[in-house]
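A note on names: the letters A, B, ... follow the listed sequences, proteins ahead of strands, and every chain is numbered from 1.
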Protein chains: 2
Amino acid sequence: MTNSDDAETTYPLRAAARLTGLSPDLLRAWESRYGVVKPLRTAGGTRRYRASELERLRLVKAAVDAGDRISVVARLDPVELARRAAGTEKPSQAGLEPILSALERLDAEGAQRLLALQLSAMGPVSFAREFALPLAREIGERWATNRMGIASEHLATGVLRSMLGSALTPTAASRLGPTIVFATSTGERHELGLQSAALTALGAGANPIYLGAELPVEDLLGAVANTGAAVLALSLVTIPSGPAEQMIAAIRNGLPDEIRLWIGGPGATEIAASEGVERFGSLEEFERRVTLLGFEKSSLP
Amino acid sequence: MTNSDDAETTYPLRAAARLTGLSPDLLRAWESRYGVVKPLRTAGGTRRYRASELERLRLVKAAVDAGDRISVVARLDPVELARRAAGTEKPSQAGLEPILSALERLDAEGAQRLLALQLSAMGPVSFAREFALPLAREIGERWATNRMGIASEHLATGVLRSMLGSALTPTAASRLGPTIVFATSTGERHELGLQSAALTALGAGANPIYLGAELPVEDLLGAVANTGAAVLALSLVTIPSGPAEQMIAAIRNGLPDEIRLWIGGPGATEIAASEGVERFGSLEEFERRVTLLGFEKSSLP
DNA sequence: GTCATCTTGTCAAGATTTAATCTTGACAAT
DNA sequence: ATTGTCAAGATTAAATCTTGACAAGATGAC
């Protein structure tokens, strides 16, 4: 009932300007000088942009931002246009750049749109592993070298955490698999890798219980007991290996023997091996281990 | 400071209608028949409502909703009016219990399922305001009295943060609204209220940029400048009011005059009023303010 | 290399259109 | 009698229109 007429919804100039990021003046200039788009006109003569034209304008802007000249790009057909805009618009396998640029501009809507596109294309598990984590790494690097502000980093962290968190919804079926509790201990605030691991576990048929960052040791042990988990998985990123080893020893000590303790993350390979603790250098390795677990524990308490 | 002219900001009829929940026709009828308010007029004769008049209209409406007759209530002074209006509060929410119990059992799947159900039933904005926040409050209380473990609190925080974060996806249309940057400053780690506020803003037609918790002042200012935001919205929960006031002063000082600074959260009402800073005691108040923002112009000619 | 020319984004002025608002008066349901 | 809503026709305020100009950078000729 919204629009039963054949009238598709159109947008006035000011809406087109805000939606494309181009100024009203520029929209008019591009139209009259280069014929980039040809919006409908009302009886009185004011412009009305169709959604398709807004999309085209976005592409043209992307191409121009990428260095093309408006006089050249203006007449291109959508296919060629998309190709030229690819540098700035389309997330390909190597397409971290457009997202990084949106983040730098603090363009929340743009960044989320690109990330969502990627997520839907790759599926949550590979998205986490092959896209979110490299993205986080790149952001960290740029931040460390002052090429990106911490505001961009916060925006990215929040968006990624939400997207991965939503994907982490356990299904009824996943309850059938072995339960794994995911957390980091006090002092360890990096969550992204932990979320990726939990997602990987979910994809491998386990039943992840994601408790997030900075849980005191005592509560960690209590949580494992309460849930009847078979495994406690921790992530190490920032904690120095000395304190980390102490913490792990304390946990192992308080944990019943039959419950496994797994350590992942960049810091995992730097701590010393010890009895009853398994360390993982990559998510692929972790994934194989989870799959194994499913076969090991055919009978649960 | 915000408006160097001495003219207070006023609002056109449609803004008054939306903010009070009264129809434009009714506003005119009440004015001409009972003189409930007497808005300013432009040179051309159109009405311009002052904030004080909007407040009065809200009270009058509350009194009428409570059963009083408009012809009687119309002339009352604010004090008596407030007394009469005080009969209309909304019912409380049930249905927290099952979720609390799932959280206590660390039943991630059950808790998420119940929450998702609630979210889909209420929609994101009221879910945040009328469900997630009360839930968080209850959890905090139980944790403080040792009736709930911190693991449950973490689980809940993570799930809620993801759910609200996903709902916080800006749409293309939201870009049309005024841009508001949401963040907390260093030391303030509570995010839930801030997310709820951002969701409220999104629902009220603004374009929220959610930067999350603990952003240093300097980066906050940079972010506002980069995004061309009209407003910087901060949340205060745990920071003592002394340091908070210093922090706010520092931010206000570094912020251009034309950019508004809004403070919300439980701590907002405890800090001293100061030039160029607006404080909000509730999300409803915040929502009204956001809606106003869309209508604001400097003032009368 | 230098200088004229082209390209491109922005601005201003004055006319016009669209979207809101105005008043008045009517009408139906308490 | 009170009260909310609606319609008609006039008016105002805010957007948008076109045209033309201008400046900063890019391009190209010499």
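Ser101(A) and Arg105(A) share a side-chain donor-acceptor pair at under 3.5 Å. When only modelled atom types and interatomic distance are considered, Glu153(A) and Trp143(A) share no side-chain donor-acceptor pair under 3.5 Å. In this structure, a donor-acceptor pair under 3.5 Å is absent between the side chains of Thr179(B) and Thr227(B). A donor-acceptor pair shorter than 3.5 Å can be found between the side chains of Arg147(A) and Thr145(A).
In this structure, Ser32(A) reaches neither bases nor backbone, as no heavy-atom distance under 4.0 Å exists between it and the strands shown.
The stretch residues 21-31 of chain A touches DNA chain D through Arg28(A), each having a heavy atom within less than 4.0 Å of the strand.
Atom CD1 of Ile70(A) is separated from atom P of dT10(C) by 12 Å (rounded to the nearest Å). Rounded to whole angstrom, the span from the CG atom of Leu13(B) across to the P atom of dA19(C) amounts to 17 Å. In this structure, Asp68(B) places its CG atom 15 Å from C1' of dT3(D), rounding to the nearest Å. Look at CZ on Arg48(A): it is 11 Å from C1' on dT17(C), rounded to the nearest Å. Distance, Lys61(B) NZ to dG4(D) C1': 13 Å, rounded to whole Å. In this structure, the OH atom of Tyr49(B) is 16 Å from the P atom of dA20(C), given to the nearest Å. Atom C1' of nucleotide dG20(D) and atom CZ of Arg33(A) are separated by 11 Å, given to the nearest angstrom.
With DNA chain C read from its 5' end, the first of the two nearest nucleotides for Gly45(A) and Ser71(A) is the one closest to Ser71(A).
Among dA15(D), dT7(C), dA13(D), the nucleotide with an atom closest to any side-chain atom of Thr46(B) is dA13(D).
Taking all atoms of both residues into account, the shortest heavy-atom contact from Arg279(B) to Ile271(B) is NH1-O, 2.7 Å.
At dT8(C), one or more side-chain N or O atoms of Arg69(A) fall inside 4.0 Å of OP1 or OP2 (strictly under the cut-off). An OP1 or OP2 oxygen of dT23(C) is reached within less than 4.0 angstrom by a side-chain nitrogen or oxygen of Arg47(B). At the phosphate of dT3(D), OP1 or OP2 sits under 4.0 Å from a side-chain N or O atom of Tyr34(B).
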### Message
Working note: Ser185(B) + Leu215(B), criterion side chain to side chain contact (heavy atoms under 4.5 Å, CB included); need CA distance, chi angles, decisive distance, verdict.
### Response
CA-CA 5 Å; Ser185(B) 181; Leu215(B) 211 53; over 6 Å; no

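Atom CG of residue Leu160(A) and atom CG of residue Leu103(A) lie 8.0 Å apart, to the nearest 0.5 angstrom.
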